[in-house]
Amino acid sequence: MTTATFPTGLDRSLESVMPAVATAAGDAEAVKGCRDAAPEAVPVRPASRGPSLGERLGGLLRRAIPPVIGLALVIGIWALVAMKSADFPSPAKTFDAAVVLFSDPFYSNGPNDQGIGWNILSSLKRVGVGFGVAALVGIPLGFIIGRFAFMNSMLAPIISLLRPVSPLAWLPIGLMVFKAADPASTWTIFICSIWPMILNTAQGVQRVPQDYLNVARVLNLSEFRIITKILLPSVLPYMLTGIRLSIGTAWLVIVAAEMLTGGVGIGFWVWDEWNNLKVEHIIIAIFVIGIVGLLLENLLLLIARRFSYGAN
């Protein structure tokens, strides 16, 4: 068998090229290995932009249209009722009366003839005093009931017995004790406001995890530090819920109490306008009472969200 032989010159040329080829091949493998080992490049995304003006206007319209439709429906039904009844004022007549009424809401022509602004402020003052005293009494009492089982067992039957009683049933007691209409109305607000504060605060104390109290016992914390450092932050959302329920009930009750006791106040003003056969003023008062109650409740909702630690 014959073997192929290359010329001597070609053989030498191959011998001189082979090291370079081997080096190039090694470099190619190294580059391939680096490419395989390198992470893939993450595409750079453009910075996210906020919603455009059109999107914001569209969202605003979507939120505003349903309430506007509901209000238009109420006004339409109101207009139909006014068309069927000659004594019932129409929306246009009521609006004209409201313009005149709110053009000077703080006039004063004596104790029985004052503007609607003074009547609203008088009612808010009674609500504020009765509500404040109820908070000073009801919140600490709720802590005591929720913290100590003996006090819970002692006071729970009394609260269960008195809570369902209508607040107006306490009004004659207030008139008999205080001998005046104004403190009797404040007493009625106190009675109707205290129950939600007591019950919600006590429930919040009872829902505090036992592990927290065990740690406080191990650290030998005083009762004051347990209340301020452990119970109060945990109970605050429940306490604010009780306050929100109380303010709504208080504003509801003051109107009825003032109708019975007289004096300056939005409830007495409604009853006085009925005696004067000004039905359009009564409708205006209904809207005013609803708006004030809504503002009070929304204010307390904002405070409750501010102190809602669970959401943070």
Side-chain angles (χ1 to χ4, degrees), residues 88-89 93-138 165-197 242-300:
F88 200 81
K93 184 179 179 181
T94 305
F95 179 78
D96 294 337
V99 171
V100 175
L101 192 64
F102 287 101
S103 62
D104 188 14
F106 291 102
Y107 75 89
S108 179
N109 295 329
N112 295 325
D113 186 12
Q114 298 189 16
I116 189 172
W118 292 119
N119 287 278
I120 294 173
L121 291 178
S122 298
S123 298
L124 287 174
K125 177 183 176 182
R126 294 188 184 99
V127 169
V129 173
F131 179 81
V133 176
L136 291 176
V137 176
V165 178
S166 172
L168 295 179
W170 295 94
L171 185 59
I173 304 297
L175 291 172
M176 182 186 67
V177 173
F178 299 106
K179 309 297 182 183
D182 193 63
S185 300
T186 304
W187 155 258
T188 306
I189 297 303
F190 167 80
I191 288 295
C192 73
S193 301
I194 194 170
W195 308 126
M197 296 186 193
I243 291 174
R244 183 169 59 87
L245 295 175
S246 295
I247 196 67
T249 306
W251 184 244
L252 177 70
V253 169
I254 192 60
V255 176
E258 289 173 346
M259 285 183 178
L260 298 175
T261 58
V264 181
I266 190 65
F268 170 75
W269 189 82
V270 170
W271 193 251
D272 190 52
E273 295 304 298
W274 165 249
N275 292 329
N276 295 327
L277 299 179
K278 295 182 179 180
V279 183
E280 60 273 14
H281 286 184
I282 297 175
I283 297 176
I284 294 170
I286 291 173
F287 280 101
V288 169
I289 293 168
I291 291 171
V292 173
L294 184 64
L295 291 176
L296 291 174
E297 186 171 357
N298 284 335
L299 176 62
L300 290 174

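Hydrogens, waters and symmetry mates are skipped; everything else that's a heavy atom, side chains included, is used. Heads up: numbering here begins at 1 and tracks the sequence.
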Test item: [X] side-chain N/O and [Y] main-chain N/O as donor-acceptor pair under 3.5 Å:
X	Y	answer
Trp274	Ile282	no
Ser246	Ser193	yes
Asn119	Gln114	yes

Nearest-0.5 Å distance, [atom1] of residue [X] to [atom2] of residue [Y]:
X	Y	atom1	atom2	answer
Thr249	Ile191	OG1	CD1	13.0 Å
Phe106	Asp104	CZ	CG	9.5 Å
Phe102	Ile116	CZ	CD1	4.5 Å

Can you pull the salt bridge (charged side-chain N to carboxylate O under 4.0 Å, His left out) pairs that have at least one residue in [range], sequence neighbours excluded?
range	value
residues 288-298	Arg244-Glu297
residues 259-277	none
residues 278-292	none

Looking at every non-hydrogen atom in both residues, tell me the closest pair between [X] and [Y] and how far apart they are.
X	Y	result
Pro167	Thr188	O-CG2, 3.4 Å
Thr186	Gly130	CG2-N, 3.5 Å
Ser108	Trp118	CB-NE1, 4.5 Å
Ser103	Pro105	C-CD, 3.8 Å
Pro89	Ile283	CG-CD1, 3.6 Å

[Y] side chain reached by [X] side chain, heavy atoms, under 4.5 Å:
X	Y	value
Phe131	Ile243	yes
Leu296	Leu124	yes
Lys93	Phe88	no

| task | Please name all residues satisfying side-chain contact (heavy atoms from CB on, under 4.5 Å) with Asp96, sequence neighbours left out, ordered by chain then number. | result | none

All N/O donor-acceptor pairs, side-chain side in residues 250-262, below 3.5 Å, sequence neighbours left out:
{"residue": "Trp251", "atom": "NE1", "partner": "Ile289", "partner atom": "O", "Å": "2.9"}
{"residue": "Glu258", "atom": "OE1", "partner": "Ser123", "partner atom": "OG", "Å": "2.9"}
{"residue": "Glu258", "atom": "OE1", "partner": "Ile266", "partner atom": "N", "Å": "3.1"}
{"residue": "Glu258", "atom": "OE1", "partner": "Gly267", "partner atom": "N", "Å": "2.8"}
{"residue": "Glu258", "atom": "OE2", "partner": "Ser123", "partner atom": "OG", "Å": "2.9"}
{"residue": "Glu258", "atom": "OE2", "partner": "Arg126", "partner atom": "NH1", "Å": "2.6"}
{"residue": "Thr261", "atom": "OG1", "partner": "Ser185", "partner atom": "OG", "Å": "3.4"}
{"residue": "Thr261", "atom": "OG1", "partner": "Ala257", "partner atom": "O", "Å": "3.0"}

| query | With under 30° as parallel and over 60° as perpendicular, where do the rings of Phe178 and Trp187 fit, or are they tilted in between? | reply | tilted

| field | Worked check of side chain to side chain contact (heavy atoms under 4.5 Å, CB included) between Thr94 and Phe287 | value | CA-CA 11 Å; Thr94 305; Phe287 280 101; 5.9 Å; no

| task | For Trp195, enumerate each residue passing the ring pair (Phe, Tyr, Trp, His ring centres under 6.0 Å) test, keeping only those at least two apart in sequence or located in another chain. | result | none

